[in-house]
Amino acid sequence: MALVVQKYGGSSVSDIEAMRRVARRVVATRQAGNTVVVVVSAMGDTTDELLDMADALTDAAPAREMDILLSAGERISMALLAMAVSQLGVPARAYTGAQAGVLTDSRYGRASIVGVIPERVARTIQMGAVAIVAGFQGINEVEDVTTLGRGGSDTTAVALAAALNADVCEIYTDVDGLFTADPRIVPTARRVEILSSEETLEMAAHGAKILHLRAVEYARRFGVPLHVRSSFSDKTGTWIYDGRRSGPFVPPYIPAADDDDVASTPLAPSLGTGGALAAAGASTPAAAPATGASTPTTGAPATSTPATGTTPASTTPDSHADPAVRPQVDAVTGRVVAPQGTAAPTGPSVHHSHMSAISHRARSRPRPTSKEEHVEAPVITGIAHDRSQDKITLVGVPDVPGAAARIFAIVAGQDTNIDMIVQDVSAEGTGLTNISFTCPDGDSAAAMEALEKARGELGFRSLHFNPAIGILSLVGAGMRSHPGVSAKLFGALSDAGVNIHMISTSEIRISVVVDDAVLDEAVRAVHTAFGLDAASAEAVVYGGTGR
């Protein structure tokens with residue numbers, strides 16, 4: 001039996017029928033012999049609608065109250081999905097981020113997770129129910145609600161998967177995985193079957209919107225296998241994993257034909273407590289569903305490791321299981337304790353149930369340990385693009401030691417993230433240079449204001465702002481060992497008549513800044529130049545407004 005954390009985005013739960021479809025998938029996963037934790041985003045455009053209402057009332061909404069407001073969307077989704085799953089005969093409990101133990105700092109609007117203590121979630125799944133958690137939110141040290149910013153639900157899902165030591169974190173969206181380019185721009189983009197964390201980080205950092213950068217970083221740090229899939233089909237999707245996890249890893253099996261729509265998948269009868277093990281052919285006590293034993297994040301105590309002793313325990317109200325057969329849970333440690341008169345779960349019995357379930361997953365196969373093992377794989381993984389950046393240029397900066405340090409200290413003081421930086425060669429005889437950098441469009445106004453105030457101190461001549469830019473990034477392993485990659489990239493852009501403003505490189509990436517008006521054309525030209533086009537359209541965008 002596997003412990004599976006599933007995350008569903010807004011387009012996957014956009015309306016009641018979509019909610020029912022997700023519930024059927026959750027139940028199918030549960031009845032296939034898996035323990036399931038679900039993280040859900042707000043329905044459709046709910047978050048944007050809440051933002052619009054706040055904007056209609058005030059142009060300076062307090063950050064604390066905005067977090068309370070924006071967290072409401074995910075709470076609605078979690079409650080409705082729990083109802084939908086329960087209606088299909090599988091017990092489910094809904095939890096806010098705070099109730100799920102997601103602890104954050106106090107940066108309202110873009111808080112960072114500082115620890116996860118998923119005690120109530122662990123108890124729920126130990127009792128055989130599905131835990132459904134509101135994504136995008138947590139609680140800070142003064143017990144205020146906080147939100148995690150863009151991509152926060154992805155980060156919530158990965159953090160819970162790490163804390164619970166889940167076998168996999170499935171990220172469900174409205175396309176069938178990660179593609180060589182955005183299928184909304186390049187209809188002939190190809191699905192990428194396997195990606196390393198490093199490649200995925202570069203793609204996410206430079207505009208690939210299927211996965212958020214923070215979630216990928218979290219998964220890489222804690223060795224969480226990611227599986228990016230569509231909630232509208234049962235196609236394979238994209239696996240992201242580096243093989244750094246201890247012990248064997250086998251992708252979990254979802255019973256359906258690869259190309260079948262999940263809505264047509266018949267549901268098995270409800271299994272109830274312990275039924276997952278029975279379906280997998282295991283003969284293990286009811287307490288054994290704690291296969292996903294807790295390996296906590298920073299500061300999080302273990303919450304779901306099976307106990308072999310007789311630690312005093314108290315029953316928990318967080319279960320729909322039959323009180324006569326449900327295991328008990330130690331209220332302090334969260335460890336499973338077998339009901340009186342039954343055998344306590346042992347390491348061998350839990351291992352046996354796990355291996356029995358794996359043997360029944362006919363379509364599962366071991367993951368390779370890294371992308372580099374695919375020696376014949378294409379060098380280029382894909383092309384990411386980003387329209388969320390602005391360019392700021394300081395003209396006539398004195399070319400003296402410490403000038404750049406002072407400039408970026410001022411920018412950092414505004415909590416502004418920097419992506420690309422270019423400094424020109426000092427003009428002969430002038431002792432002056434130009435410095436350009438890109439930053440997120442939400443940070444640029446504060447950075448511009450701070451730099452303008454410091455003009456006298458910094459001594460630059462003028463400050464230029466350009467919001468109409470786009471960034472194209474070519475990502476792939478082994479690019480340095482394959483000559484001609486840069487030449488082909490710049491040749492393709494030249495042939496398409498695209499001018500380049502800035503260039504940045506890393507071990508596995510080349511990024512260029514171009515005019516926003518030609519970004520789509522540039523992506524298509526580079527995609528074709530590197531032979532990434534599929535013979536026919538592979539990508540299907542099932543939902544989502546792109547708002």
Side-chain angles (χ1 to χ4, degrees), residues 1-6 26-27 29-39 82 85-86 90-95 99-101 116-133 160-168 252 270-280 282-296 300-347 349-354 357:
M1 181 177 64
L3 173 55
V4 181
V5 175
Q6 298 181 333
V26 171
V27 170
T29 307
R30 168 69 172 76
Q31 293 180 342
N34 301 299
T35 300
V36 185
V37 175
V38 177
V39 174
V85 171
S86 297
V90 173
R93 295 298 297 267
Y95 297 103
Q99 291 171 329
V116 181
I117 308 177
E119 179 182 357
R120 298 184 72 181
V121 172
R123 292 183 179 187
T124 295
I125 60 177
Q126 286 165 1
M127 301 304 176
V130 174
I132 299 177
V133 178
L160 280 170
L164 296 167
N165 196 28
D167 292 86
V168 65
S270 178
L271 298 176
T273 302
L277 293 177
S283 56
T284 308
T291 302
S294 174
T295 298
T303 57
S304 60
T305 303
T308 58
T310 56
T311 306
S314 59
T315 56
T316 172
D318 289 349
S319 171
H320 292 270
D322 183 351
V325 298
R326 72 188 183 191
Q328 293 179 319
V329 179
D330 187 290
V332 177
T333 66
R335 294 182 298 176
V336 175
V337 181
Q340 192 170 16
T342 64
T346 64
S349 68
V350 171
H351 176 73
H352 172 72
S353 69
H354 184 72

Study note, to complete from the structure: Closest non-hydrogen contact found for Leu164 with Ala122 is CD2-CB, 4.2 Å
Practice item. Output yes when a side-chain donor or acceptor of Arg120 lies under 3.5 Å from a complementary backbone atom of Gly101, and no otherwise. Key: no
Check your understanding: Between atom CZ of Arg93 and atom CE of Met127, what is the distance when rounded to the nearest 0.5 Å?
Key -> 11.5 Å
Practice item. Report yes if the side chains of Asn165 and Leu3 come closer than 4.5 Å at any heavy-atom pair, otherwise no. Key: no
Check your understanding: Ile125 and Val37: side-chain contact (heavy atoms from CB on, under 4.5 Å), yes or no, with the steps?
Key -> CA-CA 8 Å; Ile125 60 177; Val37 175; 3.7 Å; yes
Check your understanding: Any idea which heavy atoms bring Ala82 and Ala94 closest together, and the distance?
Key -> CB-CB, 4.0 Å
Study note, to complete from the structure: Here the pair of heavy atoms bringing Ala100 nearest to Leu160 is O-CD2, 4.3 Å
Practice item. Step by step, work out the side-chain contact (heavy atoms from CB on, under 4.5 Å) result for Asp167 and Val4. Key: CA-CA 6 Å; Asp167 292 86; Val4 181; 5.7 Å; no
Study note, to complete from the structure: For Val90 and Gln31 the tightest heavy-atom approach is CG2-NE2, 4.0 Å
Check your understanding: Which pair of non-hydrogen atoms, one from Ala163 and one from Val116, has the smallest distance, and what is that distance?
Key -> CB-CG1, 3.8 Å
Check your understanding: Looking only at heavy atoms, which two atoms of Gly128 and Pro91 are closest? And how far apart?
Key -> O-CG, 4.2 Å
